[in-house]
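Here's the structure, in structure tokens; my notes come after.
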Protein chains: 2
Amino acid sequence: MTNPLDLVFSALADPTRRAILAMLLEDDMAVTDVAEPFDMSLAAISKHLVVLTAAGLISQEKRGRVKWCKLEPDAMREASVWMQAFGQMDAVDLDAFEAFLEHELK
Amino acid sequence: MTNPLDLVFSALADPTRRAILAMLLEDDMAVTDVAEPFDMSLAAISKHLVVLTAAGLISQEKRGRVKWCKLEPDAMREASVWMQAFGQMDAVDLDAFEAFLEHELK
DNA sequence: ACAACATTCAACCAAATGGTTGACGTTTAT
DNA sequence: ATAAACGTCAACCATTTGGTTGAATGTTGT
């Protein structure tokens with residue numbers, strides 16, 4: 001009933017969670033550091049991380065008192081594959097992808 | 001505020017809506033025919049179609065008393081592009097990305 | 001031992017979501 | 001003219017979602 005795609009797409013539907021994923025694209029991060037740029041409580045971010053973990057989009061590993069968040073890029077692949085069926089879209093839109101890198105990562 | 005990606009991903013998060021999109025991949029359909037295979041009311045399907053339309057994933061055109069639903073595959077493109085950064089590429093490995101670009105643009 | 005730090009838990013709240021039913025406006029066919 | 005078909009609207013309902021706050025649980029450094 002709870003299709004993995006449900007979890008992935010609904011996790012991706014929230015802009016805060018997408019921003020978190022973009023941050024983790026650069027490097028693994030502790031929960032507190034993930035929360036820092038956002039104007040919301042740490043508890044709220046903690047919940048978002050639970051959602052991302054449930055979807056398999058990230059993993060969390062506790063070392064000492066710090067819980068490290070790590071991107072799990074494979075989880076998006078199923079969803080990506082599903083979407084490819086609808087494209088006469090190219091596998092990679094180079095212009096858009098470069099624009100994305102420019103905007104999102106730097 | 002309401003990022004287009006929000007609308008696309010949250011539209012895709014529901015299995016009924018994904019099934020509708022898959023049906024429309026084959027051919028344009030009237031609302032009643034879209035609803036036929038599902039075990040829920042026509043009104044419920046009508047609402048799902050509103051959500052898909054708001055996300056730009058389909059369009060609806062009324063001809064006579066029949067409203068035709070048509071897939072709009074371009075809407076998924078932005079979302080797909082966003083995902084490419086995580087799914088297909090090892091984003092940490094920028095060397096590989098550059099190599100990819102070089103090969104692709106040659 | 002103690003205080004500070006990192007994170008989650010629990011209770012709560014408002015708003016959004018996904019469904020129902022019945023009434024309603026159009027358009028088509030007889 | 002009337003009835004049937006197509007689809008939406010409005011009101012309602014239960015559940016989920018995304019946020020809050022304050023207390024609680026580890027863990028670390030002094």
Side-chain angles (χ1 to χ4, degrees), chain A residues 1-24 27-71 79, chain B residues 1-24 27-71 79:
Chain A
M1 182 167 193
T2 333
N3 193 306
L5 286 180
D6 293 12
L7 295 177
V8 171
F9 282 129
S10 80
L12 294 179
D14 185 276
T16 300
R17 286 192 292 261
R18 287 199 307 276
I20 291 172
L21 293 175
M23 291 165 61
L24 292 177
D27 212 347
D28 299 356
M29 295 178 80
V31 173
T32 303
D33 295 331
V34 169
E36 194 269 329
F38 296 99
D39 189 22
M40 80 181 62
S41 71
L42 188 58
I45 295 295
S46 180
K47 284 192 193 177
H48 280 304
L49 293 172
V50 168
V51 172
L52 288 169
T53 302
L57 290 163
I58 68 169
S59 59
Q60 294 181 278
E61 184 197 356
K62 196 171 160 193
R63 287 203 296 271
R65 65 180 165 185
V66 174
K67 203 164 181 181
W68 292 91
C69 304
K70 182 180 185 305
L71 194 65
Chain B
M1 185 163 207
T2 334
N3 194 306
L5 286 181
D6 293 11
L7 295 177
V8 171
F9 282 129
S10 80
L12 294 179
D14 185 277
T16 299
R17 287 192 290 260
R18 288 198 307 277
I20 291 173
L21 291 175
M23 290 166 61
L24 292 176
D27 211 348
D28 299 357
M29 295 179 79
V31 172
T32 304
D33 294 332
V34 169
E36 194 270 330
F38 296 100
D39 189 21
M40 78 182 63
S41 71
L42 186 58
I45 295 295
S46 179
K47 283 192 194 177
H48 281 304
L49 293 172
V50 167
V51 172
L52 289 169
T53 302
L57 290 163
I58 67 168
S59 60
Q60 294 181 278
E61 184 197 355
K62 195 171 161 192
R63 285 203 297 272
R65 66 179 165 183
V66 174
K67 202 164 181 180
W68 292 92
C69 304
K70 182 179 185 307
L71 194 66

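Side chains included, hydrogens not; waters and symmetry mates left out as well; all remaining heavy atoms used. Small disclaimer: the values here were computed from a predicted structure and weren't measured.
- Leu42(B) and Ala35(B) make their closest contact through CD1-CB, 3.6 Å (heavy atoms, listed as atom of the first residue, atom of the second, distance).
- Between Trp68(B) atom CH2 and dT8(D) atom P there is a gap of 14 Å when expressed in whole angstrom units.
- Of the candidates dC6(D), dT8(D), dT27(D), dC6(D) carries the atom nearest the Val66(B) side chain, counting heavy atoms from C-beta on.
- To the nearest angstrom, P of dT7(C) lies 13 Å from CD1 of Ile20(A).
- Taking both residues in full, the closest heavy atoms of Val34(B) and Met23(B) are given as O-CE, 3.6 Å, listed atom of the first, atom of the second, then distance.
- In this structure, the side chain of Thr53(B) engages the main chain of Leu49(B) through a donor-acceptor pair within 3.5 Å.
- Using a 4.0 Å cut-off, some side-chain N or O of Thr32(A) falls inside it from OP1 or OP2 of dT7(C).
- Taking CG of Leu12(A) as the reference point, atom CG of Leu12(B) lies at 9.5 Å (rounded to 0.5 Å).
- Remark: Ser46(B) is in phosphate contact with dT8(D), judged by side-chain N or O atoms under 4.0 Å from OP1 or OP2.
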Checklist outcome for this item: Protein-proximity profile, nucleotides 9-15 of chain C, B/S/- by nucleotide at the 4.0 Å heavy-atom cutoff, equals B-B----
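- At whole-Å resolution of the value, CG in Leu52(B) and P in dT17(C) are 13 Å apart.
- For His48(B) and dG19(C), the shortest distance from a side-chain N or O to OP1 or OP2 is below 4.0 Å.
- If you take CZ of Arg17(B) and C1' of dG18(C), they are 8 Å apart, rounded to a whole angstrom.
- Rounded to an integer number of Å, the gap from Glu36(A) CD to dC5(C) P is 15 Å.
- Within 4.0 Å (heavy atoms only), Arg63(B) reaches no atom of the nucleic acid at all.
- To the nearest 0.5 Å, atom SG of residue Cys69(B) and atom CG of residue Asp27(B) are 11.5 Å apart.
- Separating the CG atom of Asp6(A) from the C1' atom of dT16(D) is a distance of 13 Å, rounded to the nearest angstrom.
- In terms of position on DNA chain D, the residue among Ala30(B) and Leu42(A) whose nearest nucleotide sits closer to the 5' end is Ala30(B).
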Checklist entry - Can Thr32(B) and Val66(B) be said to form a side-chain contact (heavy atoms from CB on, under 4.5 Å), step by step? => result CA-CA 9 Å; Thr32(B) 304; Val66(B) 174; over 6 Å; no
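- Out of dT7(C), dT20(C), dT20(D), the shortest distance to the side chain of Met40(A) is found at dT20(D).
- Between Arg65(B) and dA4(D) there is no side-chain polar atom (N or O) within less than 4.0 angstrom of OP1 or OP2.
- Listed nucleotides dT8(C), dG7(D), dT20(C) differ in distance to Ser41(B); the shortest reach to its side chain belongs to dT20(C).
- The two residues Val8(B) and Ala55(B) come nearest to each other via the heavy atoms CG2-O, 3.7 Å.
- Atom CG of Asp39(B) and atom C1' of dG19(C) are 12 Å apart (whole Å).
- Distances shorter than 4.0 Å separate none of the side-chain N or O atoms of Lys62(B) from OP1 or OP2 on dC6(D).
- Remark: P of dT17(C) and CG of Leu12(B) are 14 Å apart, rounded to the nearest angstrom.
- Contact detail for Ala13(A) and Phe9(B): the closest heavy-atom pair is CA-CB, 3.6 Å.
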